Amino acid sequence: MMRTRPLKVALLGCGVVGSEVARIMTTHADDLAARIGAPVELAGVAVRRPDKVREGIDPALVTTDATALVKRGDLDIVVEVIGGIEPARTLITTAFEHGASVVSANKALLAQDGAALHALAEEHGKDLYYEAAVAGAIPLIRPLRESLAGDKVNRVLGIVNGTTNFILDKMDTTGAGYQEALDEATALGYAEADPTADVEGFDAAAKAAILAGIAFHTRVRLDDVHREGMTEVTAADFASAKEMGCTIKLLAICERAEDGASVTARVHPAMIPLSHPLASVRGAYNAVFVESDAAGQLMFYGPGAGGAPTASAVLGDLVAVGRNRVGGTTGPGESAYAALPVSSMGEVVTRYHISLDVADKPGVLAQVATVFAEHGVSIDTVRQSGKDGEASLVVVTHRASDAALGGTVEALRKLDTVRGVASIMRVEGE
């Protein structure tokens, strides 16, 4: 039986995502009511520019006073899609304190202060849902938090930023340089005027923190995530990757140590075999590969950004929170019981592809191999080419720690026969 009193929803932000949320709430009102068990009423919309025409939204609902809106006391759900740390954090806190549950798409805030926000939601007996914070429309957080709650997740490996995937895909398929591919991404609207958050890995790192926390039942903050951008990836790197049967992706990698005693979270470019499912993810799409004890290998794929896809995830959370509200209950909160330590990048073990510029003369390879051996790094393959006294030496290692590899590279730079280290890239997905 449907409840007649509507659930009152406030919307904080009415940009690309917020306007789509409002549109879907209006056009699908009957379906949403049937799924939730109560009508849904848009009770207010907080914006910065009140004079802007917003099709389908009653101007009487629009306000610039977001604080007054969340303090009303009669709201059931507050949807936050303004992003950033402040004023979003204060507004969400105020919403809990005045009786509302919260649906958010704010990856930066959740990566930084997720534990505190979860604690506040629990204190007030409210929900905090944020499916839209990671990978847009792709159902990922709820499967990790609920569907796989009885399993042991060992690794989450994914492409979680569409802008960087578009750029790297263009470099791979067309031979374009980084700047050329970035310019095309900007022209098509995939990259912001200032693309730093995407191309330097900040966006992906925030998502990695959220995913690692949920997957491993451990609090992982943004500061715990090792981050490297992709601005130094070159056409030569792609040529080397192709010779190995690989491509290059900016990956978010969250994994348990082999002994299960710690976890790591990192974001960086990596070579990945063409045989791996993530290698075929093209354009601005996202995909996340999950490995667990019982379920085995799972892959989640779809559009990772955009107004309508992200709004789909927001509305999914709205329905879930609405059902809880009607039923007088709450959904799962933070699960951080495992409290595993987060290891540093130096302890991460993986394979490496190192390209060296060396003198083209006898004994160079022996010198280089000796340095690797002295630092306990085993060589898998070596490829050398050169002429006119200069050569390129490409070394692919077996699995080694980041710390051991760092010491190796430092020693290589001291060799008279090594002119420079052209590139270092991790090899993942094997």
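Because the structure is predicted, anything quoted here is derived from the model rather than measured. Atom set for the values below is all heavy atoms of this structure, side chains included, hydrogens, waters and symmetry mates excluded.
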| message | Tell me if the CD atom of Glu55 is crowded by more than 12 foreign heavy atoms within 6.0 Å. | response | no
| task | Compare all side-chain heavy atoms of Ile253 with those of Arg155 and state whether any distance is below 4.5 angstrom. | result | yes
| Heavy-atom neighbours of Glu410 CD exceed 12 at 6.0 Å | no
| Could you state the interatomic distance from CD (Glu334) to CG (Leu128), rounded to the nearest 0.5 Å? | 10.0 Å
| field | Side-chain heavy-atom pair Leu75, Val9 within 4.5 angstrom cut-off | value | no
| More than 12 foreign heavy atoms under 6.0 Å from OH of Tyr130: is that the case here? | yes
| query | For Val16, does its backbone N or O pair with a side-chain atom of Ser19 as donor and acceptor, under 3.5 Å? | reply | yes
| said: Could you check whether any side-chain N or O of Ser378 sits under 3.5 Å from a backbone N or O of His398, counting only pairs where one atom can act as donor and the other as acceptor? | reply: no
| said: Could you tell me if the side chain of Val396 sits less than 4.5 Å from the side chain of Met244, heavy atoms only? | reply: yes
| said: Working to the nearest 0.5 angstrom, can you tell me the gap between Ser312 OG and Ile24 CD1? | reply: 6.5 Å
| field | Main-chain N/O of Gly84 paired with Asn106 side-chain donor or acceptor, under 3.5 Å | value | yes
| message | Ring centroids only, cut at 6.0 angstrom: are His118 and Phe96 within range, meaning strictly under it? | response | no
| query | Is any side-chain N of the basic residue among Glu291 and Lys152 closer than 4.0 Å to the acidic one's carboxylate O? | reply | no
| query | Val153 and Val290: side-chain contact (heavy atoms from CB on, under 4.5 Å), yes or no, with the steps? | reply | CA-CA 7 Å; Val153 176; Val290 177; 4.0 Å; yes
| Is a side-chain N or O of Arg54 found less than 3.5 angstrom from the main chain of Lys52, in a donor-acceptor match? | yes
| Is any side-chain heavy atom of Val62 less than 4.5 Å from a side-chain heavy atom of Ile57? | yes
| Would you say the side-chain atoms of Asn154 and Asp293 include a donor-acceptor pair closer than 3.5 Å? | yes
| task | Kindly confirm or rule out a cation-pi arrangement of Arg227 over Phe202, judged by NZ or CZ under 6.0 Å from the six-membered ring centre and within 45° of its axis? | result | yes
| field | Ion pair check, Glu255 and Arg266, cut-off under 4.0 Å | value | yes
| message | For a quick test of reading the model, state the closest non-hydrogen atom pair linking Arg142 to Ala320 and the distance between them. | response | NH2-CB, 3.9 Å
| said: In the structure I gave you, are the side-chain heavy atoms of Thr264 and Val342 within less than 4.5 Å of one another anywhere? | reply: no
| When you check the gap from the basic side-chain N to the acidic O, do Asp74 and Lys8 get nearer than 4.0 Å? | yes
| Okay, side chain of Asp224, backbone of Arg221: is any donor-acceptor separation there less than 3.5 Å? | yes
| field | N-O pairing of Glu20 and Arg23 below 4.0 Å | value | yes
| Do the side chain of Thr397 and the main chain of Arg399 share a donor and acceptor less than 3.5 angstrom apart? | no
| Are Ile354 and Val394 side-chain neighbours, meaning at least one heavy-atom pair lies under 4.5 Å? | no
| Are Thr329 and Asn324 close enough that a side-chain donor and a side-chain acceptor fall under 3.5 Å? | no
| Verdict with supporting geometry, Leu315 and Val319, side-chain contact (heavy atoms from CB on, under 4.5 Å) | CA-CA 6 Å; Leu315 267 296; Val319 169; 5.6 Å; no
| Could you go step by step and tell me if Arg282 and Thr173 meet the side-chain contact (heavy atoms from CB on, under 4.5 Å) rule? | CA-CA 10 Å; Arg282 300 297 183 189; Thr173 58; 3.9 Å; yes
| task | Return the minimal non-hydrogen interatomic distance between Ala206 and Leu222, and the atom names on each side. | result | N-CD1, 3.5 Å
| query | So which heavy atom on Ala135 is nearest to which on Asn286, and how close? | reply | CA-OD1, 3.7 Å
| Nearest non-hydrogen partners of Ala105 and Ala132, listed with the distance | CB-CB, 3.8 Å
| Glu428 versus Thr350, side-chain donor and acceptor atoms under 3.5 Å | yes
| message | Let me confirm one number: the CG-CD distance from Leu117 to Gln112, rounded to the nearest 0.5 Å. | response | 10.0 Å
| Can you name the closest pair of heavy atoms from Asp198 and Leu250 and give their distance? | O-CD2, 4.3 Å
| query | Taking atom types as modelled, is there a side-chain donor on Thr164 or Asn161 under 3.5 Å from an acceptor on the other? | reply | yes
| Less than 4.5 Å apart, any side-chain heavy atom of Val70 and any of Leu12? | yes
| If you round to the nearest 0.5 Å, how far is CG of Leu318 from CZ of Arg323? | 10.5 Å
| Within 6.0 angstrom of Glu243 CD, more than 12 heavy atoms from elsewhere | yes
| Just by distance, do the side chain of Asp357 and the backbone of Ser392 share a donor-acceptor pair under 3.5 Å? | no
| query | Is the closest side-chain donor-acceptor distance between Asp65 and Thr63 under 3.5 Å? | reply | no
| Are any of the side-chain heavy atoms of Val40 and Pro6 separated by less than 4.5 Å? | no
| request: Taking the six-membered ring of Tyr129 (Phe, Tyr or Trp), confirm whether the NZ or CZ of Arg145 is under 6.0 Å from its centre and within 45° of its axis. | output: yes
| said: Please report the interatomic distance OG(Ser355) to CG(Leu393), rounded to the nearest 0.5 Å. | reply: 8.0 Å
| request: Output yes when a side-chain donor or acceptor of Asp317 lies under 3.5 Å from a complementary backbone atom of Glu131, and no otherwise. | output: yes
| Is it the case that Glu97 and Thr93 place a side-chain donor and acceptor less than 3.5 Å from each other? | no
| Centroid-centroid distance, Tyr337 to His217, less than 6.0 Å | yes
| said: Taking Val102's backbone N and O only, do any of them form a donor-acceptor pair with Asp127's side chain (distance below 3.5 Å, no angle check)? | reply: no
| Between Met230 and Ile167, is a side-chain contact (heavy atoms from CB on, under 4.5 Å) present by the stated rule, with each step listed? | CA-CA 10 Å; Met230 48 155 282; Ile167 293 170; 3.6 Å; yes
| query | Nearest 0.5 Å, what's the OG-CE distance between Ser401 and Met345? | reply | 10.0 Å
| task | Check whether the side chains of Asp237 and Ser423 place a donor and an acceptor atom closer than 3.5 Å, and report yes or no. | result | yes
| query | Is it true that a side-chain atom of Lys207 and a backbone atom of Ala205 form a donor plus acceptor pair closer than 3.5 Å? | reply | no
| request: Determine the minimum heavy-atom distance between Thr310 and Gly136, stating which atoms define it. | output: OG1-CA, 4.1 Å
| field | Option among Asp402, Asp380, Thr408 that satisfies the side-chain hydrogen bond (donor to acceptor under 3.5 Å, both in side chains) test with Tyr352 | value | Asp402
| Going through the distances and angles, do Arg89 and Glu80 end up as a salt bridge (charged side-chain N to carboxylate O under 4.0 Å, His left out)? | CA-CA 10 Å; Arg89 174 169 49 198; Glu80 182 271 310; over 6 Å; no
